[in-house]
Amino acid sequence: MNGSAFKLGTFAGPNGEPFAAIVLGDHAVDLAQAYEIYRGSARRNALSSTESVLGLLQSWDANFAVLQDIVAFLTKEGLKPAAADLSGLRALPPVLRPGKMFYAAQNFQEHVDEMIRAGMSPAGGPRFSGEKSTTRPYLFLKAPSCLAGAGDDIEIPLGMSKIDWEAEIALAIGRKGKRIKAERALEHVAGFMTTNDVSCRDLQIRADRPALRSDWLGGKSHDNFAPMGPFLVPRAFVPEHMNLFIRLTVNGEVKQNGNTSQFIFSPEEQIEYASGILTLEPGDIFSCGTCGGVGQGTNTFLKPSDVMETEVEGLGKMRNRLVAETAQPAAA
């Protein structure tokens, strides 16, 4: 790949206003400021948006080429005056308010096995054992409003006691498509991110509806239950997305330590399956499944003050603290 590697992110400074940034080393370069300087130097290549990463994804192929040129310019000219140290910024989810968020259920053999042992399967009928030839990817939707930043606190919902972790790799779609074949799927992927599919096991299996598979709303879509980031790493800079470690610790103790090579269904196969049902749009996100080691497997769950650290190789690390939800009075 020609040119210097870079990441993208969405950050908030002291004033709280979000801005899109190019990340070079430990610095975030405000994209709008950098682009203004770049264009002022008689560069003719144009970005379709500087306001958000989601805006860049709308015309990703063309924008990525311009971003590479901007990075080459910044490298030559230096970072001033548009660079800020990452330590002084709040990392927001790289893609704010995506249209759709797909999540893969039971997509590592170890995770399939531990969930069967934990009784997280419907009563009656055959159970999925991890045998790929007899099934298709199993995807569910999670509300985009659940997104949280890589350093944000996560509230434990009132009355809930079985809050669990699921370290995962996520990808962002950068090209619209329908009925995309797996062998062409990466052409539609803009980049990859670290994420955590935080789950409420209290509600995931409904005692009042035992014949239903899962309550995905109650089990998955609480506020801040989808921390993501801190970076979106363009696909061009992730040469082996099927050989990256996925690691999660709770209070420094390793709980999950897997590898994307262990997927039952690859991200490409998930894209093929989902796009056979509905059109994928730029900014849509796939969270591709978690490895073994979730809390449900040992009946161990998160408590207030616990700290989760989630990392995917080369994509960045998140640090999220659990706090008790504070009851808020209903709006008048």
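A donor-acceptor pair under 3.5 Å is formed between the side chain of N63 and the backbone N or O of S59. Judged purely by atom type and a 3.5 angstrom limit, T10 uses its side chain to pair as donor or acceptor with the backbone of P94. E272 places no side-chain N or O within 3.5 Å of a backbone atom of K181 that could act as its donor or acceptor partner. In this structure a side-chain-to-backbone donor-acceptor pair under 3.5 Å is missing from Q204 to G219. Side chain of T310 to backbone of A167: no donor-acceptor contact under 3.5 angstrom is found. Between the side chain of N320 and the backbone N or O of G149 there is at least one donor-acceptor pair closer than 3.5 Å.
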Working for side-chain contact (heavy atoms from CB on, under 4.5 Å), residues E311 and I246
CA-CA 6 Å; E311 182 178 10; I246 300 175; over 6 Å; no
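Counting only N and O atoms by type, the side chains of E268 and H188 include no donor and acceptor under 3.5 Å apart. Side chain to side chain, S287 and E168 meet the donor-acceptor criterion of an N or O pair below 3.5 Å. Y38 and D69 form a side-chain donor-acceptor contact under 3.5 Å, judged by distance and modelled atom types alone. In this model, no donor atom of one side chain and acceptor atom of the other lie less than 3.5 Å apart for S261 and N243. Using a 3.5 Å distance cut-off with no hydrogens or angles, the side chains of D164 and S199 do not pair a donor with an acceptor.
Between I154 and V198 there is a side-chain heavy-atom pair separated by less than 4.5 Å. The closest side-chain heavy-atom distance from L171 to I169 is not below 4.5 Å. The closest side-chain heavy-atom distance from F192 to T260 is not below 4.5 Å. In this structure the side chain of L96 never reaches within 4.5 angstrom of the side chain of L54, judged on heavy atoms. Between K142 and W216 there is no side-chain heavy-atom pair separated by less than 4.5 Å.
A salt bridge does not link R321 to D306: none of the charged side-chain nitrogens sits closer than 4.0 Å to a carboxylate oxygen. Between E269 and K132, at least one side-chain N (NZ, or NE/NH1/NH2) sits under 4.0 Å from a carboxylate O, which counts as a salt bridge. E253 and R247 are not joined by a salt bridge, as no carboxylate oxygen comes within less than 4.0 angstrom of a charged side-chain nitrogen. For D202 and K162, the salt-bridge test fails: no basic side-chain N is under 4.0 Å from an acidic carboxylate O. The pair K100-E281 does not count as a salt bridge, with every side-chain nitrogen at least 4.0 angstrom from each carboxylate oxygen.
When every heavy atom of L147 is checked against every heavy atom of P93, the shortest pair comes out as CB-CG, 3.8 Å. In plain terms, the two heavy atoms of F225 and K220 that are nearest each other are CB-O, 3.5 Å. For G177 against S275, the heavy-atom pair with the smallest separation is O-CB, 4.3 Å. Of all non-hydrogen atoms in A28 and L86, the two that sit nearest each other are CB-CD2, 3.7 Å.
Cluster membership check: V312 does not share its hydrophobic cluster with M318, using side-chain heavy-atom separations under 4.5 Å among Ile, Leu, Val, Met, Phe, Trp and Tyr. Under the 4.5 Å side-chain heavy-atom criterion for ILVMFWY residues, no single connected hydrophobic cluster contains both L217 and I163.
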